[in-house]
Number of protein chains: 2
Amino acid sequence: MVTLKDIGLRVNRSVTTVSRALSGCSDVSPDTIQLVQETAKQMGYVPNTLAQRLQKKSADTIGIIAPVSSMGYAESFFCELLAGIGEEASLQGIDLLVAYAKEENEMAIYKKLVTGGRVDGFILSRTLRDDPRVNYLSSVQFPFAAFGMVENHHDFPYVEEDGEYAMAQLVDHLVGRGHTRIACICPPLSVMFSAVRLRGVKKRLAELGLELDPSLVREGSFDQKDGYDQTNILLDLPNPPTAIIGFNDIIAFGVINAAKERGLKIGRDLAVTGFDDIPMASLYRPPLTTVNQPIHEIGSMVTRLLLQSIQEKHPKNHHTNSSLEKSQILLRPNLIIRAST
Amino acid sequence: MVTLKDIGLRVNRSVTTVSRALSGCSDVSPDTIQLVQETAKQMGYVPNTLAQRLQKKSADTIGIIAPVSSMGYAESFFCELLAGIGEEASLQGIDLLVAYAKEENEMAIYKKLVTGGRVDGFILSRTLRDDPRVNYLSSVQFPFAAFGMVENHHDFPYVEEDGEYAMAQLVDHLVGRGHTRIACICPPLSVMFSAVRLRGVKKRLAELGLELDPSLVREGSFDQKDGYDQTNILLDLPNPPTAIIGFNDIIAFGVINAAKERGLKIGRDLAVTGFDDIPMASLYRPPLTTVNQPIHEIGSMVTRLLLQSIQEKHPKNHHTNSSLEKSQILLRPNLIIRAST
DNA sequence: CTGAAAGCGCTAACAC
DNA sequence: GTGTTAGCGCTTTCAG
């Protein structure tokens, strides 16, 4: 490993000078700069990141913690989000630390990373209505940005898709096709987006003079198996729904399977919709009507918000701080109509 | 941030003593240990990881670099592998650094992380027959472990599923059902597993006195779209196959879709198989015959191999090095027979 | 323009 | 048992 000292020895300059020469600007003679930079390259010098970081007390790293049941995260959704985050981070020269935590020690991991100075901030995803992560990080004033808002804090950077708006679109579409008995299969309602979407459905139905039959709301989990099981329960009802909204695409796939097995023709006998528009949504049979979320791009956006918020905490270059650009972004998702409705 | 110095000041001991007291063992008086540890906890001391790492010249971090086209990695497959890796790493107190690289600068990122001392080793996945990453890391003697072997190096730790064996099973199964015209839809044959699997098919067919018709081998990409397109080509052949082996599950889904659209009944008119047994394989319609790979567990195994290899490089505790346990693991995958054949 | 000195927080060799 | 000294590789005053 080549160090500043090594270079200094070689060109007969102090470590200090070498350091400055490499960082370019400062007042160093052009000759020295030239000499040092060439020697450095030639010797294959690469700065020791750890040392730099220790010095400037910054980890240049952001963290994201995934629950160990990766299943929990609707698979390809999380993958894609992660990719968006990682890409943006590497664009800005920031490392991405991914940790996997069992539910029990999730908070412990956050604390460890925070106090150990291992990361400069966190990305949160799938927020809860009352989210312990948000509560904790806010209380210690540690930077974070989230995909999704929460109910009891409103002053942190986040990206949110407008779930109510999306559901209004979806309901309009279904009602327009003559459906009045619309069912919802939701992940736990303690999850923010789940609650928001359900509220959206109710609200829009009310506006149209319809009511959401409570027996048509099934609260479950995030996966396909659940979509399948809940659908069977719904279709066994004395007065079953004619349309089912799966609160994510994976759930909707389960709905489709269950309905098909009962000999129903999707799109004719039963309308099915999802949410997210993961790649497979358009490839499933029948292709799924759903709400598009630009997941990858959302990952990048959240990351940008986070990095911005971190910078504001250490205002190096006092550029007009009024450029506090909007740090809460609300996206208008697009309805994608396919054959399943 | 509480430092050793702070604690030292408080209990009237030197930084050194505090350090030793916290690490437990060394020769420190029980009283001091007690006192220091309590004070530390009470003050909320957490060691500064960066400083520790700079000192012992170890990043306590392993890296994995994913291609930016996360699509490239058959989605849920990569997610699950990552989860396995992350879990094992955090079990051992090691951080996981995930980077996303565009193909062009992939190697540059490896080099930067290596020389910058940012990671102690890498996990590679989806190896190529002649893999630049393996070539580079071997040449600089940097620790790594891979999921998958390569052709020109044989002395690094890896986990490999026995692709030939798996394909033999699959071929036996198909031939047992009376199929003789078996097609293969493969990812690029520069990818190690793709080449191995194809070889496996050929070999087994030969052993059974059959031949793999070259026109039934379609080399494409990794995704569902490709499975779909290639299937249409195959089925348009004058003498089409009666069975199609998708070299991963996602490809197989594409095959199923294409065949269904042509009114073929999967399992009767056309047999379809995949490879991997991702969660959706059992949930697709019809459920997919495939080869199970314990992806999550493989992630953990590779990680263990890597960590072991890193330790061997810095032999702290010279435990019988003869315990150089097997560091090349060959897995026997299981054939999972479902309705698609 | 350049160098000496200090320090980031921690560990380790070497005294006492 | 405990403290002193040094040093990991780097950046940043502060003097020349």
Side-chain angles (χ1 to χ4, degrees), chain A residues 1-37 39-40 43-61 93 112-118 120 314 316-317, chain B residues 1-37 39-40 43-61 93 112-118 120 314 316-317:
Chain A
M1 162 175 272
V2 187
T3 73
L4 289 188
K5 199 163 132 195
D6 299 334
I7 303 183
L9 248 42
R10 197 86 118 60
V11 301
N12 251 325
R13 289 284 185 299
S14 75
V15 174
T16 318
T17 304
V18 175
S19 169
R20 280 188 294 225
L22 285 173
S23 63
C25 34
S26 302
D27 17 302
V28 188
S29 88
D31 299 6
T32 311
I33 293 197
Q34 168 91 6
L35 178 61
V36 168
Q37 296 207 344
T39 318
M43 296 178 72
Y45 169 77
V46 179
N48 180 311
T49 331
L50 257 34
Q52 285 181 319
R53 291 176 180 176
L54 173 60
Q55 213 290 139
K56 67 177 160 141
K57 288 168 150 310
S58 139
D60 281 353
T61 301
K112 204 173 77 184
L113 292 179
V114 167
T115 48
R118 237 174 337 207
D120 299 325
H314 313 286
K316 286 211 160 180
N317 8 355
Chain B
M1 164 174 272
V2 187
T3 72
L4 289 188
K5 200 163 133 196
D6 298 334
I7 303 182
L9 248 44
R10 196 87 117 60
V11 302
N12 252 323
R13 289 285 187 299
S14 77
V15 174
T16 317
T17 304
V18 174
S19 169
R20 278 188 295 224
L22 285 173
S23 63
C25 34
S26 301
D27 18 302
V28 188
S29 88
D31 299 6
T32 310
I33 294 197
Q34 168 92 3
L35 178 61
V36 168
Q37 296 208 344
T39 318
M43 296 178 72
Y45 168 76
V46 179
N48 180 312
T49 330
L50 258 33
Q52 286 180 318
R53 290 175 180 177
L54 173 60
Q55 211 291 139
K56 67 179 161 137
K57 289 167 149 312
S58 140
D60 282 353
T61 302
K112 205 174 77 184
L113 292 179
V114 167
T115 47
R118 224 148 21 180
D120 300 324
H314 311 287
K316 287 210 159 177
N317 8 354

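By convention in this document, chain letters (A, B, ...) are assigned in the order of the sequence lines, proteins followed by strands, and residues within each chain are numbered from 1.
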B/Thr17 has its side chain closest, among C/dT11, D/dG3, C/dG3, to D/dG3
Below 4.0 Å: OP1/OP2 of D/dT11 and any side-chain N or O of A/Ser19: yes
Using a cut-off of 4.0 Å on non-hydrogen atoms, how would the nucleic acid contact of A/Thr16 be classed: base, sugar-phosphate, or nothing? base
How many Å lie between CG on A/Leu22 and P on C/dT2, as a whole number? 13 Å
Using a heavy-atom cut-off of under 4.0 Å over every strand shown, decide if A/Pro30 touches base, sugar-phosphate, or nothing. sugar-phosphate
Rounded to the Å, how far apart are B/Gln52 CD and D/dG9 P? 17 Å
Side-chain N or O of B/Ser14 closer than 4.0 Å to phosphate OP1/OP2 of D/dG3: yes
Specify the separation, in whole Å, of atom NZ of A/Lys57 and atom C1' of D/dT12. 14 Å
What is the distance, rounded to the nearest whole Å, between atom CG of B/Asp60 and atom P of C/dG9? 19 Å
Phosphate contact (D/dG1 OP1 or OP2) by B/Thr32 side-chain N/O below 4.0 Å: no
Could you point out which residue of A/Ile33, A/Val28, A/Thr32 forms a side-chain contact (heavy atoms from CB on, under 4.5 Å) with A/Arg20? A/Val28
Could you check which of D/dT11, C/dT2, D/dT2 has an atom nearest any side-chain atom of A/Arg20? C/dT2
Between C1' on D/dG9 and CE on A/Met43, what's the gap in Å once rounded to a whole number? 14 Å
Please report the distance, rounded to the nearest Å, between CZ in A/Arg118 and P in C/dG9. 17 Å
Taking all heavy atoms of B/Arg118 and all of B/Ala59, pick out the closest pair and write down the distance. O-CB, 3.2 Å
Expected output: side-chain A/Thr16 to main-chain A/Ser14 donor-acceptor under 3.5 Å: no
State, with a plain yes or no, whether a side-chain heavy atom of A/Asp60 is found less than 4.5 Å away from one of A/Asp120. yes
Specify the separation, in whole Å, of atom CE of B/Met1 and atom P of C/dG9. 7 Å
Where the side chain of A/Gln55 is concerned, which of C/dA4, D/dC8, C/dG7 is the nearest nucleotide? C/dG7
For B/Arg13 and for B/Ala51, find the nucleotide of DNA chain D with the closest heavy atom, then tell me which residue's nucleotide is more 5'. B/Arg13
Of the nucleotides D/dC10, D/dG3, C/dG3, which has the atom closest to the A/Thr3 side chain? D/dC10
Quick one: on DNA chain D, does B/Val18 or A/Thr49 contact a more 5' nucleotide (nearest heavy atom)? B/Val18
Taking any heavy-atom pair under 4.0 Å as a contact, classify A/Asp6: base, sugar-phosphate, or nothing. nothing
Out of B/Leu22, B/Thr39, B/Val36, B/Asp6, which one pairs with B/Tyr45 under the side-chain contact (heavy atoms from CB on, under 4.5 Å) rule? B/Leu22
Rounded interatomic separation in angstrom, taking CD1 from A/Ile7 and C1' from C/dG3: 17 Å
